[in-house]
2 protein chains.
Amino acid sequence: MKRKPSLKDIAEKVGVSTATVSYVLSKGKESKVSAEVSKKVKAAAKELNYQPNQIAKSLKSGKTFTIGLIVADISNPFFANIARIIEDEAAKLNYTVIFGSSDEKAEKSWDLIQFLSNRQVDGFIIAPTENSEDQIKYLKEQNIPFVLIDRFFPTINSNSVTVNNFEAAYGAVRRLIEKGSEKIGIIAYSNSLYHMRERVRGYDTVMKDHKLKVSNNWLHEIEFSDIKNGVHNAIDILLHEKPNVEAIFFATNTLAVYGLKYLDRLSVEVGKDLAVVSFDEGEAFDFYYCPLTIVKQPLGALAENAVEILIHKINDLDTKEKKVCLDTELIIRESCGRK
Amino acid sequence: MKRKPSLKDIAEKVGVSTATVSYVLSKGKESKVSAEVSKKVKAAAKELNYQPNQIAKSLKSGKTFTIGLIVADISNPFFANIARIIEDEAAKLNYTVIFGSSDEKAEKSWDLIQFLSNRQVDGFIIAPTENSEDQIKYLKEQNIPFVLIDRFFPTINSNSVTVNNFEAAYGAVRRLIEKGSEKIGIIAYSNSLYHMRERVRGYDTVMKDHKLKVSNNWLHEIEFSDIKNGVHNAIDILLHEKPNVEAIFFATNTLAVYGLKYLDRLSVEVGKDLAVVSFDEGEAFDFYYCPLTIVKQPLGALAENAVEILIHKINDLDTKEKKVCLDTELIIRESCGRK
DNA sequence: CTTCATTCTTTAATCGATTAAATAAGCAAT
DNA sequence: ATTGCTTATTTAATCGATTAAAGAATGAAG
């Protein structure tokens, strides 16, 4: 790779010291330099197509203008969309984004934090995995700015941007009830993370509030390690073991995708034999023969808030921790009833 | 942010020079240092939880172990999936990935190249936009390693990893013909990029080879600036102006998504009133009431090849340019015929 | 003709790690 | 005792940019 021109090259060309060149090229300091020299330096910089070496700048300043983004999986549309908005917001402020996928594994998440931290990212935006409390505490201790998104730990005081999972789940399941379902199953992850617990609690609570007894056959918590089979088993039980359900609430996008595919294979007709609601958008859901009622998360606001809070924190470490909880929207379509 | 311990901190703690510490901690050089000192240094490093500052390393070595990834849009599943695989492959080799979305705009692409280049990325993986030939030439001139993916410029000798777009389009449309369609429309982008031209040429050629005359109503090239309306108009013309078509070939994922939604609105039944094939996978397509016949691109191989070629080039600038063209697979489902 | 202020420019340290080269210390051979 | 040879350690330069502080040059005031 051809060596890029440095301050030194300009300095030599013009016949001044690198300090002078630096003063000319760094805004606000130009007054220190005579108009004549300034002009020559600028001309030389242009001629050589000088671009400052950000690595050198970073070493001196201790700032890299880089954000580390750690999500469960960048290829998951939910996170890919968030990543895109974070990218745009960050770019506006001259920040770049380095990303990594944790696959919901605390160990991978920790490796990523170390890895990116050694690369001196100025801060992190993290969708934390289960059992990563220690990592979050570590970041706090080290005074490394970060914002949690999508999930957070209620026991740790930190910046976070999430949605009202409890209300969202409550509202989604209430919709099923209003449309006539009484026996309702839920398929969620067996995950201790707060957002997932809240979704389950939303389900539980709305059932209780409507005096609907929940059979212990109806709550299914799937392991990340084998989502597909988990969902298939859950659906088999929900539909075929007594008391069998009239409706299913899927707690995430991915669960719903596997679920709907399997329902198709079983020739269960959604909207007729079975009512369904799900969390998250998905191109797939629009195309489904029976358009899906879903909980829509405000991805744009989620990402924008995260970047804003992070950059604030980076610029002023004394900023107090901020917890943002955003409202979701229940997009009502046909799948929540049964004809 | 608490200052992280540096070599100097260890050196002071142990009472030796930073050079000695560096020799202990950098593998292969340990033999230079006495066992006694070495032990002390290692203990101190551990105690302080020393993590080398990659920025400083990079400045010295001129290597950042960072790849710049520039795609059209990281939230597009096609690119999001590629990004994920690139991330994994890069991580294996201790590289991180910085990404940026060009939105198919040459100007944005140029800004990103400059931006990431100033951050001293070791190389780029780029899905180039239209009219970005100069940018690619610039990278060549500067001897900056890069690999083009998805698209490339036949006039510029460079690394690239693409698929056989011509054969893929040919095969997809031939399938429509074999299933009885003779009047076939195509919806593509009005884009001079080679991959798009090849897809159109595949369509043209297979029609010619089967002695099917293509009406000038049938080739629709949509602007990026207004995809949705472009697709709607195209479909209106294809279906309602004589001679109207029996089948449509969508040249990308995104075009098909808009197209199918609109067909739904028009109550056109795919697989009965109209045959359809599309490029690219999409969760949505599996769910479509009439599962879609698609051209499946080998995303894994695409990304793996790109990383491998790039890293080779980074490690040895004299490596000859490599052009990889991968085979696609036609996934045959129901949408390509009409009952 | 000093003296002091002002303006412009350079020197040199710094960020954190690496590494060639210099130095120091220990020991053996003559 | 001198020389040479190892081995262990330090010194100092380097990567590229920034910036406080020192220095030089000019001019004005006394």
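Here is the naming used below: chain letters follow the sequence lines, and residue numbers restart at 1 for every chain. Just so you know, these numbers come straight off a predicted model, no measurement behind them.
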Separation of C:dG16 P from B:E12 CD (nearest whole Å):
11 Å

Heavy atoms under 4.0 Å is the rule here; annotate nucleotides 9-14 of chain C 5' to 3' with B where the base is hit, S where only the sugar-phosphate is, and - elsewhere.
BBB--B

If you compare every side-chain N and O of A:S22 against the phosphate oxygens of D:dA17 (OP1, OP2), does one of them come in below 4.0 Å?
no

Are the charged groups of B:D9 and B:K13 less than 4.0 angstrom apart, N to O?
no

How long is the line joining NZ of A:K40 and P of C:dC8, in whole Å?
15 Å

Is it the case that the side chains of B:S109 and B:Q135 hold a donor-acceptor pair, with the cut-off being a distance below 3.5 Å and no angle test?
yes

Rounded to whole angstrom units, what separation is found between the NZ atom of B:K4 and the P atom of C:dA17?
10 Å

Can you tell me the distance, in whole Å, between the CG atom of B:L25 and the C1' atom of C:dT19?
15 Å

Centre-to-centre under 6.0 Å for A:F152 and A:Y194, is that the case here?
yes

Whole-Å gap separating P (C:dG16) and CD1 (B:I10):
13 Å

Can you tell me the distance, in whole Å, between the CG atom of A:N53 and the P atom of D:dC15?
12 Å

Between the side chains of B:T66 and B:Q120, does any donor sit under 3.5 Å from an acceptor?
no

Would you call A:K105 and A:D111 a salt bridge, taking side-chain N to carboxylate O under 4.0 Å as the test?
no

Between A:K92 and A:D88, is there a side-chain N and carboxylate O pair less than 4.0 Å apart?
no

For A:K322, look at atom NZ and say whether over 12 heavy atoms of other residues, nucleotides or ligands are found less than 6.0 Å away.
no

If the threshold is 4.0 Å, N to carboxylate O, is there a salt bridge linking A:E47 and A:K40?
no

Test: B:K313 and B:E321 ion pair at under 4.0 Å
yes

Calculate the interatomic distance between B:I55 atom CD1 and D:dA17 atom C1'; express it in whole Å.
13 Å

Distance check needed: D:dT9 C1' versus B:L7 CG, whole Å only.
15 Å

Angle by which the axis turns from one end of the helix from C:dC1-D:dG30 to C:dT30-D:dA1 to the other, five pairs per end, to 10 degrees:
90°

